[in-house]
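Below: one structure, written as structure tokens.
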Amino acid sequence: MKIGVYPGSFDPVTEGHMDIIKRSAKMFDKVIVAVARNYSKKPLFTAEERMELIQRSLQGLPNVEVDSFEGLLMDYIHSKDAQVIIKGLRAISDFEYEFQMALMNRKLDSKVETIFMMTSYKYSFLSSSMIKEVASLGGCIAGLVPENIIPDIYRKLKTIR
Ligand code: PNS
């Protein structure tokens, strides 16, 4: 069984992430979207909330699972018997950091491949941080994140004001 893990902070999930999830679901028997619990930037949403927002956005993708992980990604990959790390690339600016991570992960286990998928052109400018900034300043985020999670984002941002 070919299992791919798509790791990230997903704070919150965007249409750019959804694009990668949908396209990778066609390439693997199973895709696990793995929410990082211990990521350095202070997240707006808890790991449980981030997982729930992704879960709610996943209608009609039966071979996609949502989970979370703590510690080394490679340990998590092994625990799931996965063979591939899936990453999205938006622009050249993503490349250096992603390249470093891919090489470090290869050093940790050369049997696990990292594959990069180019984000669709229309989402190439999107990031979770930009979504939060625009929404916190009252801007419109329609079309940039899954429709049914938009109210959750505005509601959460109100609680931290
Ligand atoms: O969405 P992000 O912030 O780009 O996700 C980065 C993430 C969580 C995938 C990355 O930081 C990660 O894999 N963290 C786990 C810790 C780890 O395994 N580090 C060594 C690999 S370079």
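If you read the sequence from its start, that first residue is 1, and numbering goes on from there. One-based numbering, in listed order, for ligands and for the atoms of each. The structure presented is a predicted model; accordingly, all values stated were derived computationally and were not measured.
At under 3.5 Å, a nitrogen or oxygen of Ser9, whether backbone or side chain, sits near a nitrogen or oxygen of ligand 1.
With a 4.0 Å cut-off on non-hydrogen atoms, Phe69 touches ligand 1 through its side chain and not its backbone. Contacts with ligand 1 closer than 4.0 Å are made by no heavy atom of Leu108, backbone or side chain.
Contact between Ala34 and ligand 1 is absent, with no heavy atom of the residue lying under 4.0 Å from the ligand.
Sorted by first and then second residue, the side-chain hydrogen bond (donor to acceptor under 3.5 Å, both in side chains) pairs involving residues 51-60 (not counting sequence neighbours) are Glu52-Arg56, Arg56-Asp152.
Close approach of ligand 1 to Met101 (heavy-atom distance below 4.0 Å) involves ligand atoms 10 (C), 22 (S). Interface atoms of ligand 1 facing Gly71, defined by a heavy-atom separation under 4.0 Å, are 15 (C), 16 (C). Using a 4.0 Å cut-off to heavy atoms of Ala36, the atoms of ligand 1 that qualify are 8 (C).
Shown here is Ile92, whose CD1 atom has no more than 12 heavy atoms of other residues, nucleotides or ligands within 6.0 Å.
Think of Tyr97 as one node in a network of Ile, Leu, Val, Met, Phe, Trp and Tyr side chains linked at under 4.5 Å; its network also takes in Met101.
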TODO: Give the C-alpha distance, both sets of side-chain angles, the deciding distance and a yes or no for salt bridge (Lys or Arg N to Asp or Glu O under 4.0 Å) between Lys80 and Asp67.
DONE: CA-CA 11 Å; Lys80 293 289 164 183; Asp67 194 12; 3.5 Å; yes
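A donor and an acceptor atom, one from each side chain of Asp19 and Ser120, are located under 3.5 Å apart.
Between Tyr6 and Phe10, the angle of the ring planes goes over 60°, which puts this pair in the perpendicular group of the 30/60° scheme.
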